Amino acid sequence: MSAPIKGPLFLTNTLTRKKEEFVPLRPPHVGLYVCGPTVYSDAHLGNVRTFLTFDILFRWLKHIGYTVRYVRNITDVGHLVDDVDHGEDKIAKRARLEQLEPMEIVQKYTNGFHDVMRLFNILPPSIEPTATGHLIEQIEMVKRILATGLAYEVNGSVYFDVLKYSSTNKYGELSGRKTEDLIANTRDTEGQEEKRSPLDFAIWKKADATHLMKWPSPWGEGFPGWHLECSAMSTKYLGLTFDIHGGGMDLKFPHHECEIAQSVAADGHVPVRYWMHGNMLTVNGRKMAKSEGNGFTPEELVTGNHKLLEQGYSPMTVRFFMLQSHYAGTLDFSNAAMQASEKGLARLMAAMDTLGNLKPTGTGSAEVIALEQRCYAAMNDDVNTPVMIAELFEGVRLINSVHDGKLSMDAEGIERLRELFNTMVLEVLGLKNEDESKNDDGVLDGLVKEFIRMRAEAKAKKDFATSDRIRDQLKVHGIELMDTKEGTTWERV
RNA sequence: GGUCGCGUGGCCGAGUGGCUAGGCACAGCUCUGCAAAAGCUGCUACUGCGGUUCGAAUCCGCACGCGACCUCCA
């Protein structure tokens with residue numbers, strides 16, 4: 001069958017606000033749904049953080065022995081520009097601005113999104129459904145909700161009746177809201193006159209003649225409400241009730257709250273057992289958001305070509321930086337923090353190299369076993385990557401101490417340490433060594449090696465004036481020499 | 001205004017009622033012809049004021065500061 005589960009795993013369930021032991025509905029299978037991007041513009045770094053959070057969860061669930069079906073959607077219709085139920089579709093707006101067919105916009109930014117995911121080594125989900133590909137399922141769901149009397153049709157639009165629903169169900173449970181408070185805080189906005197209550201939300205919206213993205217339905221030409229796709233698609237692929245639903249903190253209300261209501265209304269089942277919400281990436285203490293205009297694209301990040309960036313940072317530096325904080329807390333982006341991560345990651349990766357060539361120095365491997373246990377404990381404690389990384393640096397110390405002959409370790413211990421690092425660093429954290437391509441210029445490498453040879457000869461003759469001149473001049477040209485026990489190496493500065 | 005959360009050493013960032021991560025920076029040492037690089041070692045913080053407790057950064061209350069959501073956003 002399957003390998004034993006290396007658990008138990010504890011996750012913070014944002015529905016109960018408690019850390020709970022994770023027990024799937026149908027072990028060893030796990031159903032995981034994460035709200036994906038709306039493909040109307042380039043993904044920024046804040047988006048990356050959320051998908052990275054659930055990438056780690058996906059990797060960890062698989063690692064400890066679960067068979068995971070990971071569904072992450074692409075929203076290619078349904079989100080409106082101004083207000084929930086009023087205004088222009090974001091994708092249609094973009095299409096108008098760029099003078100493209102809406103589906104060209106969708107394709108363009110979907111491709112871009114996939115490029116970004118690949119860049120940061122975020123694994124593709126098992127299923128990546130699109131909203132436009134599931135219109136029939138969404139229309140069927142609207143019908144089921146109408147059949148229960150928890151939605152009503154007005155002029156070709158269908159609205160969810162929140163007050164009626166909340167008279168027998170808990171609306172607001174996930175986000176900790178009360179319907180009275182919500183009503184008290186409602187602002188008057190246009191296009192609300194069709195609704196019975198300002199809390200009601202559209203599950204199907206009538207399209208006017210100029211609307212580009214519209215489909216026939218029992219209520220006329222229109223398009224699905226913006227919360228509906230996730231309910232329809234998660235149900236289709238994961239069942240009426242499934243294990244984990246994730247997304248960014250900012251989707252908790254109203255998006256996820258509405259998802260719950262829709263599923264309960266349509267199918268009579270609470271859809272999700274464990275809700276998980278990743279927290280925001282901030283810049284100077286403020287949320288990075290498309291609407292704030294304080295985001296930068298991955299391309300700008302790598303090149304450093306943005307006013308917030310002092311230099312470029314590699315994708316793995318960013319990945320490592322994000323994993324050094326816990327997903328549930330906010331993380332503030334700064335150049336100083338990025339530079340610290342860059343160095344830390346380099347040290348971790350250098351230790352990986354050292355470990356590859358490490359030779360046994362005697363007996364003992366107790367430290368490795370203890371380290372291994374602490375790594376598992378950290379990850380099983382709400383996917384605590386920062387703690388695991390801290391443990392891995394303890395491992396780095398072990399590796400270097402054995403390498404320096406200051407600690408004795410037998411072959412079994414070294415092998416176990418290798419396996420631990422390969423598993424945790426490469427497989428679970430998904431970090432890759434980026435340095436290999438640095439000295440890939442064969443001609444340059446040959447030239448520099450010739451200089452290194454000349455310098456070694458000069459040094460052998462105690463002609464330090466010459467050897468130092470070679471070193472200094474190379475540095476002027478951007479080549480730094482480093483003397484190690486194994487000989488001299490070089491890198492570009 | 002409502003709801004929720006946060007405030008940790010020079011910086012970033014974990015965490016538990018007592019044993020007090022980790023990274024970066026810094027200092028000392030090792031290595032080295034010198035330097036750099038690398039490694040090792042050191043560095044004891046928890047917004048303020050009360051309270052609970054044998055003991056709190058960790059629990060409770062208040063104050064101050066900050067943020068998120070309440071409108072599209074990961």
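Chain naming here is simple, since letters A, B, ... match the order of the sequence lines and numbering starts at 1 in each. Small disclaimer: the values here were computed from a predicted structure and weren't measured.
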message = Applying the 5.5 Å / 30° rule, does A/Phe51 stack onto the base of B/A74?
response = no
request  = For the residue pair A/Phe58 and A/Tyr70, categorise the inter-ring angle as parallel (less than 30°), tilted (30 to 60°) or perpendicular (more than 60°).
outcome  = tilted
task = Give the ring-plane orientation class for A/Phe333 versus A/Tyr313, where under 30° counts as parallel, over 60° as perpendicular and anything between as tilted.
result = perpendicular
Atom-to-atom span, [atom1] of [X] to [atom2] of [N] - whole angstrom:
X	N	atom1	atom2	answer
A/Arg471	B/A36	CZ	C1'	7 Å
A/Glu310	B/C12	CD	P	14 Å
A/Leu348	B/C24	CG	C1'	14 Å
A/Gln473	B/A35	CD	P	21 Å
A/Asn279	B/A14	CG	C1'	15 Å
A/Asn294	B/C73	CG	C1'	11 Å
A/Met280	B/C73	CE	C1'	9 Å
A/His326	B/U16	NE2	C1'	15 Å

Is it true that a side-chain atom of [X] and a backbone atom of [Y] form a donor plus acceptor pair closer than 3.5 Å?
X	Y	value
A/Thr282	A/Leu331	yes
A/Asn294	A/Ala289	yes
A/Lys195	A/Asp200	yes

key: Which residue lies more 5' along RNA chain B, comparing A/Gly329 with A/Leu281 via nearest heavy atoms   = A/Gly329
query = Toward the 5' end of RNA chain B, which comes first, A/Pro386 or A/Met482, by nearest nucleotide?
reply = A/Pro386
key: Pair A/Asp472 + A/Arg469, salt bridge at N-O below 4.0 Å   = no
request  = May I ask you to verify if any side-chain N or O of A/Lys459 is less than 4.0 angstrom from the OP1 or OP2 atom of B/C34?
outcome  = no
key: Phosphate contact (B/G15 OP1 or OP2) by A/Asn384 side-chain N/O below 4.0 Å   = yes
Under 4.0 Å, heavy atoms only, any strand: does [X] hit a base, just the sugar-phosphate, or nothing?
X	answer
A/Ala337	sugar-phosphate
A/Phe464	base
A/Glu480	sugar-phosphate
A/Gln339	nothing
A/Thr53	nothing
A/Ser325	sugar-phosphate
A/Gly278	nothing
A/His277	nothing

Mate of [N] where both pairing distances stay under 3.5 Å, Watson-Crick or G-U:
N	answer
B/G17	none
B/A35	none
B/G55	none
B/G61	B/C49
B/U3	B/A68
B/G42	B/C26

[N] to [M] separation - [atom1] atoms, rounded to the nearest Å:
N	M	atom1	result
B/G10	B/G51	P	28 Å
B/C11	B/C26	C1'	12 Å
B/A21	B/G9	C1'	13 Å
B/C66	B/G48	C1'	15 Å
B/U71	B/G23	C1'	39 Å
B/A68	B/C62	C1'	23 Å
B/A27	B/U44	C1'	16 Å
B/C19	B/U58	P	13 Å

Starting the side chain at C-beta, find the nucleotide from [options] nearest to [X].
X	options	result
A/Phe253	B/A74, B/A35, B/C70	B/C70
A/Arg286	B/G67, B/C73, B/G22	B/G67
A/Ala289	B/G33, B/C73, B/G15	B/C73
A/Leu182	B/C70, B/G15, B/G22	B/C70
A/His44	B/C24, B/C34, B/A74	B/A74
A/Arg177	B/A68, B/C70, B/G33	B/C70
A/Phe393	B/C73, B/C12, B/G23	B/G23

I'd like to know if the side chain of [X] pairs up with that of [Y] as donor and acceptor (distance under 3.5 Å, no hydrogens or angles considered).
X	Y	answer
A/His277	A/Thr14	yes
A/Tyr165	A/Lys170	no
A/Tyr109	A/Asp76	no
A/Asn111	A/His114	no

Tell me whether the side-chain N or O atoms of [X] pair up with the base of [N] as donor and acceptor below 3.5 Å, since no angle test is needed here.
X	N	result
A/Lys252	B/C4	no
A/Asp468	B/G33	yes
A/Asp483	B/A35	yes

inquiry  = Could you check whether A/Arg72 makes a cation-pi contact with A/Phe51, meaning its NZ or CZ is under 6.0 Å from the centre of the six-membered ring and within 45° of the ring axis?
reply    = yes
Could you list all N or O pairs between the protein and nucleotides 40-45 of chain B that sit under 3.5 Å apart?
residue: B/U41; atom: OP2; partner: A/Arg397; partner atom: NE; Å: 3.2

task = Compare all side-chain heavy atoms of A/Asp55 with those of A/Asn121 and state whether any distance is below 4.5 angstrom.
result = no
ask   = Among all residues two or more places apart in sequence or in another chain, which pass the side-chain hydrogen bond (donor to acceptor under 3.5 Å, both in side chains) test with A/Asn73?
value = A/Tyr33, A/Thr75, A/Glu229
Polar atoms only, N or O, under 3.5 Å: list the protein pairs with nucleotides 56-58 of chain B and their distances.
none

message = Taking ring-ring contact (aromatic ring centres under 6.0 Å, His included) as the criterion, tell me which of A/Trp226, A/Trp204, A/Phe201 meets it with A/Phe160.
response = A/Phe201
